[in-house]
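Worksheet: one structure, shown below.
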Amino acid sequence: MPPTSRKTGEHASGCLQGGVVGLQRSFPLCMLLPSSEPSVLPVTETASVEEVTPGEGHQARGVSSHREKCEPKTDIVFLKVHKSASSTVMNVLFRFGETHNLTFAFPIGGGNQLSYPHHFFARFVQGFSPRSPQRFNILCHHMRFLQPEVQKVVSSSAVYFSILRNPVQLMESSFTYYKGASAFSRARSLEEFLSQPYHYYNPAKSDSHYAKNLMTFDFGFNPNGEASAKRVQLMLKAIEASFDLLLISEYFDESMVLLKEILCWDLDSVVSFPLNIRDSSTKSPLSDTIVEKIKDWNRLDWEIYTYFNRTFWERIDRDIGRERMQREVKALRERQAELARTCLQGTGSVAPKDIKDSSLQPLQHGNAKILGYNIKQGLDKEMEHMCRRLVTPELQYSSALYKKQFARKPHQPVPSQRGSALRHKLEGTQN
Ligand SMILES: Nc1ncnc2c1ncn2[C@@H]1O[C@H](COP(=O)(O)OS(=O)(=O)O)[C@@H](OP(=O)(O)O)[C@H]1O
């Protein structure tokens, strides 16, 4: 069943309500219908894809398959699963949040992770207080998911989504990026690790999750649990109960089209350049035998991935259709190519040593060589800002947004055109 299977009953309003195993929140999900929550963004008449011209406009507009009114969603939880293109998705959320003056649930002190690898607690969020709980628009930093705590910092109508990656490529990426982790540091290669994993892997170590079922771990489950049919079913149902949408990094562009559909955003809001990508010199080819060993070793991740890969396409068939999806993906790619021509020096990503602006230097980690971008010289101010944001690595962007959100500006009036709910949230965080 698709990720929306928790929609087990239909309301008089036409909304479908959830209710399955492990359900931690229960509210109608009418994602393409107007929300009852006040919003900063205007209710927009949605357009068909034929009206989405590549290169058109930079404002958020609702674009949906249905000629219905839909309101851009501004309350979002993104589970940033490791090594799954999550930094690229985070950049999309950062840009949308910045453009629309939304608040982020930042890690305390402006760190980069919400006390990962511990399960998430609301108290890890800067500005959260149990005595005067406040809600943030977007929660998207690395965390180990725990929904009852997440619910304390976001609106009950928040859209929950995440992104998954084939565990084979994910582990190959993780092995290189987390080469310093205890399980990997003594193994000369992934082959060597997989030849006798328990020689290297000790589940009791605090960083062992990087080496086995990393997605399962990030979703909050035990990565060392037995992969029995019953356990797998419970896990899949629990994920379905909590998440509105599971994206697939192998189909990144299709994922972005689906995302903007669910969030009622326009195409320009989901454009991106791939971030946190490795130079091919630090990628290892994998033999068929190794591929099978990785699948076996990460059985729980494999079950999650194969299940939600299937439901991803079922969702596309149900909500968008393959033909429209193809047209939208084409439009998205054209827009991204146009942005690359406008923004970037050269044709794309460059090695870290060739990045001229040090503020655009991505974090280098483990044995991975992480690529970055150079922006064209001579762009006008507005364009330069837009291009810079597209290629600003996660740590620098997060830190800039944190400073903005928590800047002491006692005399700065909150713009009157913002919705009152949003104004309240912003006032609460600017302390
Ligand atoms: N748009 C797009 N499409 C497909 N794949 C993409 C995309 N953007 C980033 N990537 C790949 O995602 C890997 C980095 O994942 P994360 O950003 O989640 O890593 S991290 O956990 O935040 O460090 C990293 O994988 P590896 O290169 O294999 O390491 C990136 O290449």
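Numbering of ligands and ligand atoms starts at 1, following listing order. The shown structure was predicted, so the numbers you read here are calculated from the model rather than taken from an experiment.
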Close N or O approach (His82, ligand 1; < 3.5 Å):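 No; every N/O pair is 3.5 Å or more apart.
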
Over all atoms of both residues, closest heavy-atom pair of Ile138 and Gly97: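 Looks like CD1-CA, 4.1 Å.
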
I'd like the name of whichever of [options] reaches closest to [atom] through any heavy atom.
atom                    : options                       : result
atom 1 (N) of ligand 1  : Tyr251, Phe273, Phe252        : Phe252
atom 13 (C) of ligand 1 : Arg278, Arg165, Lys80, His142 : Arg165
atom 7 (C) of ligand 1  : Ser84, Ala85, Ser173          : Ala85

Select one of side chain, backbone, both or neither to describe which atoms of [X] lie under 4.0 Å from any atom of ligand 1, heavy atoms only.
X      : answer
Ile277 : both
Ser249 : backbone
Lys283 : side chain
Gln169 : neither

Val81 heavy atom under 4.0 Å from ligand 1: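 The answer is yes, since Val81 has a heavy atom less than 4.0 Å from ligand 1.
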
[X] to [Y], cation-pi by 6.0 Å centre distance and 45° axis angle:
X      : Y      : answer
Lys212 : Trp297 : yes
Arg278 : Tyr177 : no
Arg389 : Tyr397 : yes

Parallel, tilted or perpendicular: ring planes of Phe104 versus Phe106, cut at 30 and 60 degrees: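 Correct class here is tilted.
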
Ring geometry between Trp265 and Phe96 (parallel below 30°, tilted from 30 to 60°, perpendicular above 60°):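 Ring orientation of Phe96 relative to Trp265: parallel.
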
